[in-house]
Amino acid sequence: MSSSGMRSPTLRVGIVGLGRLGRRHAENLMTRVAGATLVAACSPLPAELEWARDTLALPHLYSDYAALLAHEGLDAVFLVTPTSLHPQQIIQALQAGKHVFCEKPLSLDLKDCLRVSAEAARHPQLKLMIGFVRRFDASYRDAYNKIQQGAIGSPFMVYSQTCDQYDPDGFFVKFAATSGGIFLDCSVHDIDLARWLLGNPQAVRVYASGTRAMHRDLQQFQDVDNGVAICEFDNGSIATFYASRTTRHGHDTMTEITGTAGRLTVGANPRSNRVEIADIHGVRNECLPSFFERFEEAFLIEVSSFVDAIRHDKKLDLTLVDATEATRIGIALRESLLSRQSVLL
Ligand code: NAI
(Lines give C-alpha, C1' and ligand atoms only; values in the text may rest on other atoms or scores of the structure.)
Protein backbone atom coordinates (compact mmCIF):
# COMPACT_ATOMS: atom_id res chain seq x y z
CA MET A 1 0.00 0.00 0.00
CA SER A 2 1.96 2.95 -1.23
CA SER A 3 -0.98 5.29 -1.14
CA SER A 4 -2.20 5.83 2.41
CA GLY A 5 1.15 6.37 4.07
CA MET A 6 -0.10 4.46 7.13
CA ARG A 7 1.70 1.15 6.64
CA SER A 8 5.08 2.70 7.14
CA PRO A 9 5.63 5.38 9.78
CA THR A 10 8.28 6.86 7.52
CA LEU A 11 7.31 7.98 4.02
CA ARG A 12 9.50 6.45 1.33
CA VAL A 13 10.17 9.01 -1.34
CA GLY A 14 11.63 8.92 -4.83
CA ILE A 15 12.90 12.11 -6.44
CA VAL A 16 12.75 12.81 -10.17
CA GLY A 17 15.11 15.49 -11.49
CA LEU A 18 18.41 16.34 -9.82
CA GLY A 19 19.13 19.72 -11.38
CA ARG A 20 19.34 23.18 -9.84
CA LEU A 21 16.46 22.64 -7.41
CA GLY A 22 16.15 18.84 -7.40
CA ARG A 23 19.47 18.49 -5.59
CA ARG A 24 18.32 20.83 -2.87
CA HIS A 25 15.08 18.92 -2.35
CA ALA A 26 17.04 15.65 -2.39
CA GLU A 27 19.44 16.89 0.29
CA ASN A 28 16.54 18.13 2.42
CA LEU A 29 14.65 14.85 2.06
CA MET A 30 17.76 12.88 2.89
CA THR A 31 18.65 14.65 6.11
CA ARG A 32 16.26 17.36 7.21
CA VAL A 33 12.66 16.25 6.78
CA ALA A 34 11.17 14.35 9.71
CA GLY A 35 8.97 11.41 8.73
CA ALA A 36 10.38 10.95 5.24
CA THR A 37 13.30 9.14 3.76
CA LEU A 38 14.69 9.41 0.27
CA VAL A 39 15.05 5.91 -1.15
CA ALA A 40 15.44 6.41 -4.91
CA ALA A 41 16.21 8.98 -7.58
CA CYS A 42 15.62 9.29 -11.29
CA SER A 43 17.43 11.38 -13.89
CA PRO A 44 18.24 10.82 -17.56
CA LEU A 45 21.73 12.22 -16.94
CA PRO A 46 24.36 9.75 -15.68
CA ALA A 47 26.33 12.57 -14.02
CA GLU A 48 23.32 13.49 -11.89
CA LEU A 49 22.82 9.89 -10.81
CA GLU A 50 26.51 9.69 -9.94
CA TRP A 51 26.06 12.78 -7.79
CA ALA A 52 23.17 11.07 -5.96
CA ARG A 53 25.24 7.94 -5.43
CA ASP A 54 28.39 9.76 -4.32
CA THR A 55 26.87 12.61 -2.30
CA LEU A 56 23.73 11.05 -0.87
CA ALA A 57 24.80 7.40 -0.93
CA LEU A 58 21.48 6.60 -2.60
CA PRO A 59 21.46 2.97 -3.70
CA HIS A 60 18.43 2.95 -6.02
CA LEU A 61 19.06 5.05 -9.12
CA TYR A 62 16.96 5.02 -12.28
CA SER A 63 17.36 6.63 -15.67
CA ASP A 64 13.77 5.68 -16.53
CA TYR A 65 10.80 7.27 -14.75
CA ALA A 66 8.53 4.21 -15.14
CA ALA A 67 11.20 2.09 -13.46
CA LEU A 68 11.35 4.48 -10.51
CA LEU A 69 7.56 4.35 -10.17
CA ALA A 70 7.79 0.56 -10.06
CA HIS A 71 10.31 0.69 -7.20
CA GLU A 72 9.05 -1.62 -4.46
CA GLY A 73 7.44 0.16 -1.51
CA LEU A 74 7.67 3.73 -2.79
CA ASP A 75 5.00 5.98 -1.19
CA ALA A 76 5.56 9.35 -2.87
CA VAL A 77 7.42 11.04 -5.70
CA PHE A 78 8.92 14.50 -5.92
CA LEU A 79 8.91 15.89 -9.45
CA VAL A 80 11.60 18.54 -9.90
CA THR A 81 11.72 18.22 -13.66
CA PRO A 82 11.27 20.64 -16.57
CA THR A 83 7.81 22.18 -16.36
CA SER A 84 6.75 20.81 -19.73
CA LEU A 85 6.96 17.29 -18.24
CA HIS A 86 4.93 17.94 -15.09
CA PRO A 87 1.37 17.01 -16.18
CA GLN A 88 2.22 13.65 -17.72
CA GLN A 89 4.58 12.71 -14.91
CA ILE A 90 1.96 13.62 -12.28
CA ILE A 91 -0.67 11.53 -14.04
CA GLN A 92 1.67 8.53 -14.31
CA ALA A 93 2.52 8.78 -10.60
CA LEU A 94 -1.12 8.99 -9.54
CA GLN A 95 -1.95 6.00 -11.70
CA ALA A 96 0.89 4.13 -9.99
CA GLY A 97 -0.69 4.95 -6.61
CA LYS A 98 1.91 7.48 -5.43
CA HIS A 99 1.44 10.73 -3.56
CA VAL A 100 2.93 13.57 -5.61
CA PHE A 101 4.81 16.73 -4.84
CA CYS A 102 5.49 18.63 -8.06
CA GLU A 103 7.42 21.84 -8.48
CA LYS A 104 5.61 24.91 -9.80
CA PRO A 105 4.06 25.62 -12.20
CA LEU A 106 1.62 22.74 -12.59
CA SER A 107 1.70 23.08 -16.36
CA LEU A 108 2.14 25.47 -19.26
CA ASP A 109 -1.18 24.40 -20.74
CA LEU A 110 -4.64 24.81 -19.28
CA LYS A 111 -6.00 21.58 -20.77
CA ASP A 112 -3.19 19.68 -19.06
CA CYS A 113 -4.10 21.30 -15.72
CA LEU A 114 -7.64 20.01 -16.17
CA ARG A 115 -6.37 16.54 -17.15
CA VAL A 116 -4.32 16.43 -13.96
CA SER A 117 -7.31 17.60 -11.87
CA ALA A 118 -9.50 14.90 -13.41
CA GLU A 119 -6.91 12.22 -12.65
CA ALA A 120 -6.43 13.51 -9.10
CA ALA A 121 -10.19 13.32 -8.56
CA ARG A 122 -9.98 9.59 -9.39
CA HIS A 123 -7.47 9.10 -6.54
CA PRO A 124 -8.89 11.03 -3.58
CA GLN A 125 -6.71 9.00 -1.19
CA LEU A 126 -3.54 10.44 -2.79
CA LYS A 127 -2.13 13.86 -1.94
CA LEU A 128 -0.94 16.10 -4.73
CA MET A 129 0.71 19.44 -4.06
CA ILE A 130 2.29 21.96 -6.41
CA GLY A 131 5.25 23.73 -4.81
CA PHE A 132 4.35 27.37 -4.39
CA VAL A 133 7.07 27.77 -1.81
CA ARG A 134 6.38 31.37 -0.81
CA ARG A 135 3.24 30.35 1.02
CA PHE A 136 5.54 28.51 3.43
CA ASP A 137 7.90 31.44 4.03
CA ALA A 138 7.59 32.78 7.58
CA SER A 139 7.32 36.43 6.48
CA TYR A 140 4.69 35.78 3.81
CA ARG A 141 2.77 33.61 6.27
CA ASP A 142 2.91 36.41 8.85
CA ALA A 143 1.66 38.92 6.28
CA TYR A 144 -1.18 36.55 5.36
CA ASN A 145 -2.15 36.08 9.02
CA LYS A 146 -2.06 39.83 9.65
CA ILE A 147 -4.36 40.40 6.67
CA GLN A 148 -6.75 37.75 7.99
CA GLN A 149 -6.76 39.57 11.32
CA GLY A 150 -7.70 42.83 9.58
CA ALA A 151 -4.37 44.60 10.14
CA ILE A 152 -4.60 46.56 6.87
CA GLY A 153 -8.37 46.62 6.52
CA SER A 154 -9.59 45.26 3.24
CA PRO A 155 -6.67 44.46 0.89
CA PHE A 156 -7.25 45.75 -2.64
CA MET A 157 -3.85 45.98 -4.34
CA VAL A 158 -0.72 43.83 -4.56
CA TYR A 159 2.62 44.70 -6.13
CA SER A 160 4.88 41.68 -6.33
CA GLN A 161 8.23 41.13 -7.96
CA THR A 162 10.59 38.24 -8.61
CA CYS A 163 13.96 39.43 -9.77
CA ASP A 164 16.79 37.00 -10.41
CA GLN A 165 20.43 37.99 -10.39
CA TYR A 166 21.99 38.40 -13.83
CA ASP A 167 23.69 35.21 -14.94
CA PRO A 168 26.22 35.87 -17.73
CA ASP A 169 26.55 32.11 -18.43
CA GLY A 170 23.22 32.13 -20.24
CA PHE A 171 21.39 29.76 -17.90
CA PHE A 172 18.14 31.70 -18.28
CA VAL A 173 18.30 31.46 -22.05
CA LYS A 174 18.69 27.67 -21.98
CA PHE A 175 16.06 27.38 -19.28
CA ALA A 176 13.57 29.38 -21.38
CA ALA A 177 13.25 26.45 -23.78
CA THR A 178 11.08 24.58 -21.26
CA SER A 179 10.09 27.19 -18.66
CA GLY A 180 7.14 28.72 -20.49
CA GLY A 181 8.68 32.19 -20.36
CA ILE A 182 9.25 34.72 -17.62
CA PHE A 183 5.61 35.10 -16.54
CA LEU A 184 4.83 31.37 -16.25
CA ASP A 185 8.18 30.68 -14.64
CA CYS A 186 8.77 33.68 -12.34
CA SER A 187 5.59 35.73 -12.05
CA VAL A 188 3.59 32.58 -11.40
CA HIS A 189 4.86 32.85 -7.80
CA ASP A 190 3.62 36.44 -7.58
CA ILE A 191 0.33 35.49 -9.20
CA ASP A 192 -0.25 32.79 -6.61
CA LEU A 193 0.71 35.17 -3.80
CA ALA A 194 -1.59 37.89 -5.08
CA ARG A 195 -4.60 35.55 -5.24
CA TRP A 196 -3.78 34.13 -1.78
CA LEU A 197 -3.33 37.55 -0.16
CA LEU A 198 -6.36 39.10 -1.89
CA GLY A 199 -8.76 36.31 -0.88
CA ASN A 200 -8.63 34.04 -3.98
CA PRO A 201 -10.30 36.31 -6.53
CA GLN A 202 -10.70 35.30 -10.19
CA ALA A 203 -8.66 37.18 -12.78
CA VAL A 204 -10.76 38.96 -15.39
CA ARG A 205 -8.27 40.96 -17.48
CA VAL A 206 -4.50 41.20 -17.83
CA TYR A 207 -2.01 43.30 -19.73
CA ALA A 208 1.68 42.50 -20.00
CA SER A 209 4.76 44.01 -21.57
CA GLY A 210 8.45 43.31 -21.52
CA THR A 211 11.91 43.92 -22.90
CA ARG A 212 15.13 42.04 -23.63
CA ALA A 213 17.55 44.32 -21.82
CA MET A 214 20.52 41.93 -21.70
CA HIS A 215 19.61 38.39 -22.81
CA ARG A 216 18.93 39.12 -26.47
CA ASP A 217 18.99 35.36 -27.26
CA LEU A 218 15.66 35.00 -25.51
CA GLN A 219 14.09 36.17 -28.75
CA GLN A 220 14.26 32.58 -30.10
CA PHE A 221 11.79 31.59 -27.33
CA GLN A 222 9.72 34.77 -27.70
CA ASP A 223 10.69 35.50 -24.11
CA VAL A 224 11.90 38.66 -22.35
CA ASP A 225 14.32 39.22 -19.51
CA ASN A 226 12.25 41.94 -17.83
CA GLY A 227 8.47 41.77 -17.79
CA VAL A 228 5.72 43.84 -16.18
CA ALA A 229 2.03 43.05 -15.95
CA ILE A 230 -1.26 44.24 -14.55
CA CYS A 231 -3.98 41.85 -13.47
CA GLU A 232 -7.55 42.86 -12.64
CA PHE A 233 -9.69 40.58 -10.47
CA ASP A 234 -13.43 40.03 -10.30
CA ASN A 235 -13.72 41.47 -6.76
CA GLY A 236 -12.28 44.81 -7.94
CA SER A 237 -8.81 44.19 -6.56
CA ILE A 238 -5.71 44.57 -8.75
CA ALA A 239 -2.16 43.27 -8.88
CA THR A 240 0.97 44.38 -10.67
CA PHE A 241 3.88 42.06 -11.29
CA TYR A 242 7.51 42.61 -12.21
CA ALA A 243 9.90 39.82 -13.13
CA SER A 244 13.55 40.19 -14.08
CA ARG A 245 16.54 38.04 -15.06
CA THR A 246 19.01 40.89 -14.99
CA THR A 247 19.18 42.19 -11.41
CA ARG A 248 22.77 43.15 -10.62
CA HIS A 249 22.67 43.29 -6.82
CA GLY A 250 21.28 39.78 -6.17
CA HIS A 251 17.96 37.97 -5.92
CA ASP A 252 15.26 40.51 -5.11
CA THR A 253 11.82 39.15 -4.30
CA MET A 254 9.41 41.57 -2.63
CA THR A 255 5.68 42.07 -2.23
CA GLU A 256 3.59 45.00 -1.10
CA ILE A 257 -0.07 44.60 -0.13
CA THR A 258 -2.18 47.73 0.23
CA GLY A 259 -5.46 47.74 2.10
CA THR A 260 -8.09 50.24 3.19
CA ALA A 261 -6.39 50.63 6.57
CA GLY A 262 -2.71 50.20 5.83
CA ARG A 263 0.06 48.49 3.88
CA LEU A 264 2.29 45.47 4.42
CA THR A 265 5.62 44.94 2.70
CA VAL A 266 7.54 41.68 2.59
CA GLY A 267 11.21 41.64 1.64
CA ALA A 268 11.67 45.32 0.78
CA ASN A 269 15.40 44.99 1.40
CA PRO A 270 16.79 41.71 0.00
CA ARG A 271 19.68 41.75 2.47
CA SER A 272 21.60 38.54 3.03
CA ASN A 273 21.93 39.17 6.76
CA ARG A 274 21.94 41.99 9.31
CA VAL A 275 25.46 43.23 8.63
CA GLU A 276 25.65 46.78 7.30
CA ILE A 277 28.84 48.16 5.79
CA ALA A 278 29.61 51.87 6.05
CA ASP A 279 32.57 53.13 3.99
CA ILE A 280 33.48 55.73 1.39
CA HIS A 281 30.73 54.36 -0.90
CA GLY A 282 28.04 54.95 1.71
CA VAL A 283 26.04 52.57 3.89
CA ARG A 284 24.93 49.25 2.43
CA ASN A 285 24.35 45.55 2.98
CA GLU A 286 25.07 42.53 0.82
CA CYS A 287 22.20 40.81 -0.96
CA LEU A 288 21.03 37.24 -1.27
CA PRO A 289 22.43 35.64 -4.42
CA SER A 290 19.49 33.43 -5.41
CA PHE A 291 15.96 32.26 -4.67
CA PHE A 292 17.34 29.31 -2.80
CA GLU A 293 19.07 31.32 -0.05
CA ARG A 294 15.97 33.51 0.24
CA PHE A 295 13.59 30.57 0.59
CA GLU A 296 15.86 27.90 2.05
CA GLU A 297 13.80 27.54 5.21
CA ALA A 298 10.52 27.78 3.29
CA PHE A 299 11.53 24.88 1.02
CA LEU A 300 12.04 22.77 4.12
CA ILE A 301 8.74 23.82 5.72
CA GLU A 302 6.93 23.22 2.42
CA VAL A 303 8.23 19.66 2.09
CA SER A 304 7.66 18.95 5.78
CA SER A 305 4.03 20.17 5.47
CA PHE A 306 3.47 17.87 2.49
CA VAL A 307 4.97 14.88 4.29
CA ASP A 308 2.96 15.68 7.41
CA ALA A 309 -0.27 15.97 5.39
CA ILE A 310 0.27 12.48 3.98
CA ARG A 311 1.28 10.83 7.23
CA HIS A 312 -1.57 12.34 9.22
CA ASP A 313 -4.08 12.57 6.37
CA LYS A 314 -4.43 16.36 6.65
CA LYS A 315 -6.04 18.57 4.05
CA LEU A 316 -3.58 20.59 1.95
CA ASP A 317 -4.16 24.37 1.91
CA LEU A 318 -2.68 24.69 -1.55
CA THR A 319 -5.14 23.24 -4.01
CA LEU A 320 -5.09 22.22 -7.64
CA VAL A 321 -7.56 25.03 -8.28
CA ASP A 322 -4.92 27.50 -7.04
CA ALA A 323 -2.25 25.91 -9.23
CA THR A 324 -4.56 25.90 -12.25
CA GLU A 325 -5.50 29.56 -11.72
CA ALA A 326 -1.82 30.50 -11.54
CA THR A 327 -1.19 28.78 -14.87
CA ARG A 328 -4.34 30.30 -16.40
CA ILE A 329 -3.20 33.82 -15.49
CA GLY A 330 0.41 33.11 -16.50
CA ILE A 331 -0.72 31.94 -19.94
CA ALA A 332 -2.83 35.08 -20.36
CA LEU A 333 0.16 37.26 -19.47
CA ARG A 334 2.29 35.51 -22.08
CA GLU A 335 -0.50 35.90 -24.62
CA SER A 336 -0.73 39.61 -23.81
CA LEU A 337 3.04 40.04 -24.09
CA LEU A 338 3.02 38.47 -27.55
CA SER A 339 -0.16 40.10 -28.85
CA ARG A 340 0.45 43.51 -27.21
CA GLN A 341 -3.23 43.50 -26.34
CA SER A 342 -4.97 43.15 -23.02
CA VAL A 343 -6.43 39.67 -22.56
CA LEU A 344 -9.86 38.94 -21.07
CA LEU A 345 -10.16 35.78 -18.99
P1 NAI B 1 17.01 21.99 -14.11
O2 NAI B 1 17.02 22.08 -15.59
O3 NAI B 1 18.21 22.43 -13.35
O4 NAI B 1 16.69 20.48 -13.68
C5 NAI B 1 15.77 19.66 -14.35
C6 NAI B 1 16.03 18.22 -13.96
O7 NAI B 1 15.08 17.37 -14.62
C8 NAI B 1 17.42 17.71 -14.38
O9 NAI B 1 17.90 16.93 -13.31
C10 NAI B 1 17.14 16.82 -15.56
O11 NAI B 1 18.09 15.80 -15.72
C12 NAI B 1 15.78 16.25 -15.16
N13 NAI B 1 15.02 15.69 -16.27
C14 NAI B 1 14.91 16.17 -17.53
N15 NAI B 1 14.13 15.35 -18.27
C16 NAI B 1 13.74 14.34 -17.45
C17 NAI B 1 12.92 13.19 -17.62
N18 NAI B 1 12.35 12.92 -18.79
N19 NAI B 1 12.74 12.36 -16.57
C20 NAI B 1 13.31 12.63 -15.38
N21 NAI B 1 14.08 13.71 -15.16
C22 NAI B 1 14.29 14.56 -16.17
O23 NAI B 1 15.71 22.79 -13.65
P24 NAI B 1 15.35 23.38 -12.20
O25 NAI B 1 15.76 24.79 -12.13
O26 NAI B 1 15.80 22.45 -11.15
O27 NAI B 1 13.75 23.39 -12.33
C28 NAI B 1 13.00 22.21 -12.22
C29 NAI B 1 11.56 22.60 -11.85
O30 NAI B 1 11.58 23.27 -10.60
C31 NAI B 1 10.89 23.53 -12.86
O32 NAI B 1 9.54 23.15 -13.00
C33 NAI B 1 10.98 24.90 -12.20
O34 NAI B 1 9.88 25.74 -12.53
C35 NAI B 1 10.94 24.54 -10.73
N36 NAI B 1 11.64 25.52 -9.90
C37 NAI B 1 10.97 26.04 -8.82
C38 NAI B 1 11.56 27.00 -8.04
C39 NAI B 1 10.83 27.55 -6.87
O40 NAI B 1 11.13 28.66 -6.43
N41 NAI B 1 9.86 26.84 -6.32
C42 NAI B 1 12.91 27.50 -8.33
C43 NAI B 1 13.56 26.83 -9.43
C44 NAI B 1 12.92 25.89 -10.20
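Quantities reported herein were computed from a predicted structural model and do not represent experimental measurements. Remember, it's 1-based here, ligands and their atoms both numbered in the order they're listed.
- Between atom 10 (C) of ligand 1 and the options E48, R134, K104, the minimum heavy-atom separation is to E48.
- Closest to atom 32 (O) of ligand 1 by heavy atom, among I130, L49, T83, is T83.
- Put simply, part of F291 is less than 4.0 Å from ligand 1, judged by heavy atoms.
- A salt bridge links R195 with D322: at least one charged nitrogen is closer than 4.0 Å to a carboxylate oxygen.
- Heavy atoms of R23 stay at 4.0 angstrom or farther from ligand 1.
- Counting only non-hydrogen atoms, the option in A47, P44, C102 that gets closest to atom 22 (C) of ligand 1 is P44.
- Remark: distances from the non-hydrogen atoms of F132 to ligand 1 are all 4.0 Å or more.
- For F295 and F136, the ring centers are positioned 6.0 Å apart or more.
- Within 6.0 Å of CZ in R263 there are 12 or fewer heavy atoms belonging to other residues, nucleotides or ligands.
- Heavy atoms of T178 found under 4.0 angstrom from ligand 1: none, in either backbone or side chain.
- Side-chain contact, S336 with R205: no donor N or O sits under 3.5 Å from an acceptor N or O.
- Aromatic pair F291/H189: centroids not less than 6.0 angstrom apart.
- Of the inter-residue distances, the one linking D192 atom CG with K104 atom NZ reads 11.0 Å to the nearest 0.5 angstrom.
- Residue V16 places no N or O, backbone or side chain, under 3.5 Å from any N or O of ligand 1.
- Ligand 1 lies within reach of F175, whose nearest heavy atom is under 4.0 Å from it.
- Between V133, T81, L85, L18, it is L85 that holds the heavy atom closest to atom 17 (C) of ligand 1.
- Of the N and O atoms on the side chains of D190 and S160, at least one donor lies less than 3.5 Å from an acceptor on the other residue.
- Put simply, the residue from T324, L320, V321 that forms a side-chain contact (heavy atoms from CB on, under 4.5 Å) with C113 is T324.
- Listed by atom number, the atoms of ligand 1 under 4.0 Å from D185 heavy atoms are 34 (O).
- Contacts between R20 and ligand 1, counted as non-hydrogen atom pairs separated by less than 4.0 Å, involve both the backbone and the side chain.
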